[in-house]
Protein chains: 2
Amino acid sequence: MTNVVLDGTDRKIVAVLAREGRISNLELADRIGLSPTPCSRRVKRLEEEGVIMGYGARINPAAMGQSISVMVQVRLSQQAPADIDAFMSAVQRLPQITECLLVTGDLDYVLKVQTRDVEALRDFVLKELKAIPSVAETSTMLILDVAKSTV
Amino acid sequence: MTNVVLDGTDRKIVAVLAREGRISNLELADRIGLSPTPCSRRVKRLEEEGVIMGYGARINPAAMGQSISVMVQVRLSQQAPADIDAFMSAVQRLPQITECLLVTGDLDYVLKVQTRDVEALRDFVLKELKAIPSVAETSTMLILDVAKSTV
DNA sequence: GTTGAAACTTATTAAAC
DNA sequence: GTTTAATAAGTTTCAAC
């Protein structure tokens with residue numbers, strides 16, 4: 001990753017766009033105290049430099065009938081490249097998995113999973129996750145509340 | 001949460017906007033196979049119904065000099081409302097904490113934390129997190145890779 | 001649901017300072 | 001960096017089908 005020099009104005013832009021990704025350039029410029037022209041240039045530069053990787057809508061899973069959110073910690077029994085590949089392809093394939101992090105510590109992967117209800121979660125864990133040969137151990141924590149989120 | 005009925009077209013719209021939040025209505029309509037007018041109406045309806053909660057830019061923390069990402073599991077010693085309030089206000093105050101989830105299981109909260117380097121992480125854990133009186137126990141996992149992300 | 005057109009708002013670029 | 005101006009593009013609303 002090429003390191004990028006960001007001044008205070010750039011950081012203001014990033015902070016605003018992180019929360020309001022669809023704000024118009026005119027309002028963004030007004031918000032950060034800059035005129036539209038250099039504001040637009042800075043945004044384009046931040047996009048080209050990879051500081052801003054893209055934009056996305058924040059979707060409410062509950063409103064879409066996905067009311068169960070869980071964190072699943074997964075330990076793989078085998079760590080050979082073929083085992084990791086098999087696990088990774090399953091992770092990419094399963095739409096219930098919205099996030100997958102490789103972590104240090106006691107467990108190897110942390111997944112964020114969303115399902116319609118507890119039955120769908122049970123089916124997911126038993127029939128999908130534990131069906132992956134390299135998965136040795138899973139531990140599920142139900143997410144009761146999102147207390148802070150920058151997304 | 002009021003449950004919303006979404007048809008296949010709505011789900012297509014959500015799927016596209018989740019990935020490309022700044023797509024124009026004309027291109028979105030073309031992408032999902034609908035004309036611009038009803039497409040725009042559907043998007044507005046999805047926003048009003050709370051399915052789409054907002055839009056945001058995807059920021060690359062590494063490009064901003066925040067190269068360390070960790071998951072921190074936190075157990076509170078005291079669960080009285082005052083203790084939870086103290087912890088929550090610290091969570092909101094500390095910019096390193098980008099996500100905070102209340103979970104069931106062994107530990108009470110899971111945090112996603114970003115810092116500039118390991119020294120900043122050490123200072124954060126020792127001087128900020130452990131300084132909160134209600135925090136009894138923390139466990140930190142370094143995030144080595146993001147293998148999947150819907151954001 | 002579709003198309004088409006008009007009115008309005010932005011974005012983008014260039015030129016000046 | 002700023003402002004102004006002009007062109008291009010997108011959004012919104014309306015009518016008619």
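In the text below, chain A, chain B and the rest are named by the order of the sequence lines, each starting its count at 1.
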message: Measure CZ/B/Arg41 against P/C/dT3 and give the value in whole Å, please.
response: 13 Å
field: Listed partners of B/Asp7 passing side-chain contact (heavy atoms from CB on, under 4.5 Å), at least two apart
entry: B/Thr9, B/Asp10, B/Arg42
- line: Expected list for residues 7-25 of chain A near DNA chain C, using heavy atoms below 4.0 Å, is A/Ser24, A/Asn25
query: Roughly how many Å is it from CZ in B/Arg45 to C1' in D/dT12, rounded to a whole number?
result: 18 Å
- prompt: B/Lys44 has an atom NZ; how far is it from atom C1' of D/dT11, in whole Å?
  reply: 9 Å
- line: Sequence neighbours excluded, the answer for side-chain contact (heavy atoms from CB on, under 4.5 Å) partners of B/Ala136 is B/Ser77
query: For residues 11-38 of chain B, which residue pairs qualify under ring pair (Phe, Tyr, Trp, His ring centres under 6.0 Å), counting only residues two or more places apart or in two chains?
result: none
field: Integer-rounded Å distance: D/dG10 P and A/Leu26 CG
entry: 16 Å
- prompt: Pick from B/Val72, B/Val103, B/Val74: which one makes a side-chain contact (heavy atoms from CB on, under 4.5 Å) with B/Val110?
  reply: B/Val103
query: Does any residue of residues 32-40 of chain A have a heavy atom under 4.0 Å from DNA chain D, and if so, which ones, in number order?
result: A/Leu34, A/Ser35, A/Thr37, A/Pro38
statement: Separation of D/dT11 atom P from B/Glu47 atom CD, nearest Å, is 12 Å
task: With sequence neighbours excluded, give me every salt bridge (Lys or Arg N to Asp or Glu O under 4.0 Å) pair touching residues 131-140 of chain B.
output: B/Arg75-B/Glu137
task: Would you list the pairs meeting salt bridge (Lys or Arg N to Asp or Glu O under 4.0 Å) in which at least one residue belongs to residues 113-122 of chain A, sequence neighbours left out?
output: none
Which donor-acceptor pairs under 3.5 Å do side chains of residues 15-30 of chain A form with protein atoms, sequence neighbours excluded?
{"residue": "A/Arg19", "atom": "NH2", "partner": "A/Ser149", "partner atom": "O", "Å": "3.0"}
{"residue": "A/Glu20", "atom": "OE1", "partner": "A/Arg31", "partner atom": "NH2", "Å": "3.1"}
{"residue": "A/Glu20", "atom": "OE2", "partner": "A/Arg31", "partner atom": "NH1", "Å": "3.0"}
{"residue": "A/Arg22", "atom": "NE", "partner": "B/Gly21", "partner atom": "O", "Å": "3.2"}
{"residue": "A/Arg22", "atom": "NH1", "partner": "B/Tyr55", "partner atom": "OH", "Å": "2.9"}
{"residue": "A/Arg22", "atom": "NH2", "partner": "B/Ile23", "partner atom": "O", "Å": "3.1"}
{"residue": "A/Ser24", "atom": "OG", "partner": "A/Glu27", "partner atom": "N", "Å": "3.2"}
{"residue": "A/Asn25", "atom": "OD1", "partner": "A/Ser40", "partner atom": "N", "Å": "3.3"}
{"residue": "A/Asn25", "atom": "ND2", "partner": "A/Pro36", "partner atom": "O", "Å": "3.1"}
{"residue": "A/Glu27", "atom": "OE2", "partner": "A/Arg31", "partner atom": "NH2", "Å": "2.9"}

- prompt: Does B/Thr98 have any side-chain contact (heavy atoms from CB on, under 4.5 Å) partners at least two apart in sequence or in another chain, and if so, which?
  reply: A/Thr150, B/Lys112, B/Gln114
task: Mind calculating the distance between CG (A/Asp30) and P (C/dA11) to the nearest angstrom?
output: 13 Å
